[in-house]
Each structure stands twice: as structure tokens, then as C-alpha cells.
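A quick write-up on the structure given underneath.
By convention in this document, chain letters (A, B, ...) are assigned in the order of the sequence lines, proteins followed by strands, and residues within each chain are numbered from 1. Just so you know, these numbers use all the heavy atoms, side chains as well, and skip hydrogens, waters and symmetry mates.
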2 protein chains.
Amino acid sequence: MKTHEKKLYQFKAAVIAAAGHPIRLAIIDFLKDGEQCVCDIAKHVEAQRSNVSRHLGVLLKAGIVEYRKEGLKVMYCLKTPCVLDLANCVVNVLRKQARETSTLLKRL
Amino acid sequence: MKTHEKKLYQFKAAVIAAAGHPIRLAIIDFLKDGEQCVCDIAKHVEAQRSNVSRHLGVLLKAGIVEYRKEGLKVMYCLKTPCVLDLANCVVNVLRKQARETSTLLKRL
DNA sequence: TAACTTTGTGAGCATATAGTAATATAGATA
DNA sequence: TATCTATATTACTATATGCTCACAAAGTTA
């Protein structure tokens, strides 16, 4: 593996890792229809505002979301809507898991 | 958010998190052309075998890879090749980042 | 059987991550 | 100005993750 290949895997992994948390995944999903303030995001994902603020920081650092200030509020939105595809890719893995489990259970 | 929605985000996040590590991403990429033994995987990603073994355990638990034993060797392969799409989804995020950085640097 | 190869795992350490409570900051409003 | 609201940040704790070394297990070969 060449050095630049390794670097590229690091960059990709950083973005994927940022998406790999249930709350952050819920946030990404919530933002699919447009921008939302931290306040409403926190309500929707049912987590503390300070915690949501942290998770938004992670998504921001990874380049997944961006924000603009509007008065008191800070509005966040998806920077590249294609991150929504991430969750879709994973569904196939979950489906395969489910099929296996159900096959296994039938043999009980 | 309903309880089953939360559960689903947890399941999805578990799979995404499993993919969100540079070495594991390199392993997934290396397996795209077919099964490989731990030994060769370790050589390719340039990491210690015990470490690679651990990473393979993570991918296995997440349902991303599966294995079969062949003599001394254990051959791993992708269980659902669609995980390869994960890395592709992320490329757009990285491209956006790159464009921004270069725009910024032009103003120096 | 003894030595070797391949893989997995336990122990231990360093670091990263997630969450909470309290505080700081910035803007809006009375 | 004083107060309220929305958000970010600091400090802290608990837990998870990544890595390495050493060793164990299983199969191969001499």
C-alpha cells in the first residue's frame, strides 16, 4: 500500500466514523428535508442539547453538515446530501443478517 | 422518534462504525476481488497479524465479512459486496472538502 | 512425536469517545 | 439595563477502542 492510499483510507474512515453513531445517523436523517436548528434537532433525536451540540461538531468537522446563524438560532443542514446513501448501503447488510437469523431460528 | 426507529439507527450505526477505520476500510477494499487469508491481508494492509485478526473480528461481528477454514488458513470474503459502496458515498464529501480548501487557499 | 505455521485471544496500556452538569457567549426582548 | 433564549464549551467521569506482546489452539510437515 502506498502512502497516499493510506492517507485516503484515513480520510474516508474519518467521514464514515463520523456517521457511525446512532444519534448522528438520526441527525443526518432528520436533516434530509432541509435545515433545522439545534433546538429542534435535540427535541427530535431526544438527547440533551449540549450532547447534540457535540455531535453536530463531529459532523461539522467531518464535512457532513454546515451551518448558518439566524438570530439566536444556528441552522444546520447537510453539506452533501449523498451521505444519506450511507445508511441505504447498510440496509443490505442488515437484511442479510436478518435472513440468516431467521433461517437459523427455523431449525430450533 | 419511536423505539424501533432508535433500534434501527443503532443497528445501522454499528455497521457503519465497523467500516469506519482506515485498516478495516483497506481490508474491505482488498477483499473486493475475492477471498484472502489473514496472512495476506496483514501483508497488504501492513499491520500486525494479531491486530488484523482483531479488525476482522469487528467486521465479522458487524456482518460485513464471513470466513471459511482451509487447512491452516482462514479465508475471509465480503458477505455483502454492497459495503464497497460505502467508500464511494464518502468520496463526494471529500471532494467537496477539497474544493473548499482550494478555494480558500486561492485567497491567500 | 516434534517442530513449524497460521490464526485467535487474554492482559495491559494509552488514547478516544460519549455523556452530563455547569458555565460562558451572543443575540433578542421587556 | 436586566433578563431570557439558544448554543457552544469547559471540566469531569465512565466506557470503548486500538494496539502490542505473549501465549494457546489447530492443522501441517519432517
Of the candidate nucleotides [options], which contains the atom at the shortest distance from the side chain of [X]?
X       : options               : value
B:Lys73 : C:dA22, D:dC19, C:dT6 : C:dT6
A:Leu72 : C:dT7, D:dT28, D:dA6  : D:dA6
A:Arg24 : D:dT7, C:dT7, C:dA18  : C:dA18

Interatomic distance, [X] [atom1] vs [N] [atom2] [rounded to whole Å]:
X       : N      : atom1 : atom2 : value
B:Lys69 : D:dT28 : NZ    : C1'   : 15 Å
B:Ile41 : C:dG8  : CD1   : P     : 9 Å
B:Leu60 : C:dT9  : CG    : C1'   : 14 Å
A:Arg49 : C:dT23 : CZ    : P     : 16 Å
A:Glu46 : C:dG19 : CD    : C1'   : 16 Å
B:His21 : C:dT15 : NE2   : P     : 15 Å
B:Gln36 : C:dT7  : CD    : P     : 11 Å
B:Met75 : D:dA26 : CE    : P     : 21 Å

Looking at [X], does any N or O in its side chain come under 4.0 Å of the phosphate oxygens OP1/OP2 on [N]?
X       : N      : value
A:Gln48 : C:dA21 : yes
A:His55 : C:dG19 : yes
A:Tyr76 : D:dA8  : yes

Report summary line: Closest to the 5' end of DNA chain D, once A:Val74 and A:Arg54 are matched to their nearest nucleotides, is A:Val74
Do NZ/NE/NH1/NH2 and the carboxylate oxygens of [X] and [Y] come within less than 4.0 Å?
X        : Y       : answer
B:Lys7   : B:Glu5  : no
A:Glu100 : A:Arg95 : no
B:Glu46  : A:Lys2  : no

Requested in this report: Could you pick out which residue, A:Glu70 or B:Ser53, lies toward the 5' side of DNA chain C when each is mapped onto its nearest nucleotide?
Outcome: B:Ser53
Query raised in the report: Can you find a pair of side-chain heavy atoms, one from A:Val74 and one from A:Leu56, that are under 4.5 Å apart?
Result: no
Query raised in the report: Quick one: CG on B:Leu94 to OG1 on B:Thr101, what's the gap to the nearest 0.5 Å?
Result: 10.5 Å
